[in-house]
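Shown next, in structure tokens, is the structure this report addresses.
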Amino acid sequence: MDIIIGSDHAGFDLKEECKAHLEGHADYRVKDIGAFSRDSVDYPEVANELAQAIVKGEYRLGILICGTGLGMSMVANRYKGVRAALCHNIYTAKMSRMHNDANILAMGGRVTGVGLALEMVDVFLGSPFEGGRHQLRLNQFD
Ligand code: RB5
């Protein structure tokens, strides 16, 4: 599976951890759109680029990380067809896929520790959408 990942400066360290973690999985190929250092970068630039790649169908699932995950998820969710889930625990990461068919996992690099974040990444990428009544609810989004 191809995964697209992006961060701003505040999410850079956690993004690097997530990228290294995913590169250790034979099943995942990772496209990193930056940030490529801790130098300050505006999170909307990254969120816009990643959300557009999801909308175009270039990637099915993505990960966005800023300081809190708030700005990234707010920007990404302005795009029709994007369902970015800001998650802080395993349960919401899992349910965001199973019930909401989330296509972007948003996390806060200043909020969530590396160990929890990597588990959330695994659960998010590994949990299928259940469809059925949940699809009927997604149909009402627009
Ligand atoms: C950057 O200082 C910070 O505002 C940003 O990473 C993010 O948390 C915004 O939502």
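Whatever order the structure lists ligands and atoms in, that order sets their numbers, starting from 1.
- Within the 3.5 Å criterion, the main-chain N or O of Ala10 finds a donor-acceptor partner in the side chain of Asp8.
- Under the 4.0 angstrom criterion, atom 6 (O) of ligand 1 counts as having a protein heavy-atom contact.
- Not counting sequence neighbours, the partners of Asp32 by the side-chain hydrogen bond (donor to acceptor under 3.5 Å, both in side chains) test are Lys15, Lys19.
- If you check which protein heavy atom lies closest to atom 2 (O) of ligand 1, you get Arg110 NH1, 3.3 Å.
- Annotation: atom 8 (O) of ligand 1 to nearest protein heavy atom, Thr68 N, 3.0 Å.
- When the shell of 6.0 Å around CZ of Phe36 is examined, it contains more than 12 heavy atoms from other residues, nucleotides or ligands.
- Contacts with ligand 1 closer than 4.0 Å are made by no heavy atom of Met72, backbone or side chain.
- A donor-acceptor distance shorter than 3.5 angstrom exists from the side chain of Asn89 to the backbone of Thr92, with no hydrogens or angles considered.
- Every pair passing salt bridge (charged side-chain N to carboxylate O under 4.0 Å, His left out) that includes a residue from residues 77-92 is listed here, sequence neighbours excluded: Arg83-Asp101.
- Scanning the protein for heavy atoms near atom 10 (O) of ligand 1, the closest one is Gly71 N, 2.9 Å.
- In terms of polar-atom proximity, Tyr43 is not counted as a contact of ligand 1, lacking any N or O under 3.5 Å from an N or O of the ligand.
- For the pair His9 and ligand 1, a heavy-atom separation below 4.0 Å is found.
- Using modelled atom types, no side-chain atom of Asn100 and backbone atom of Ala102 make a donor-acceptor pair closer than 3.5 Å.
- Within ligand 1, the atoms closer than 4.0 Å to a non-hydrogen atom of Gly67 are 5 (C), 6 (O), 7 (C), 8 (O), numbered from 1 in the order shown.
- Shown in contact with Ala10 at under 4.0 Å from a heavy atom are these atoms of ligand 1, numbered in order with element: 6 (O).
- Residue contacts with ligand 1 for Asp8 involve side-chain atoms from C-beta outward but no N, CA, C or O (heavy atoms, distance under 4.0 Å).
- Ile3 CD1 to Leu125 CG: the interatomic distance, rounded to the nearest 0.5 Å, is 4.5 Å.
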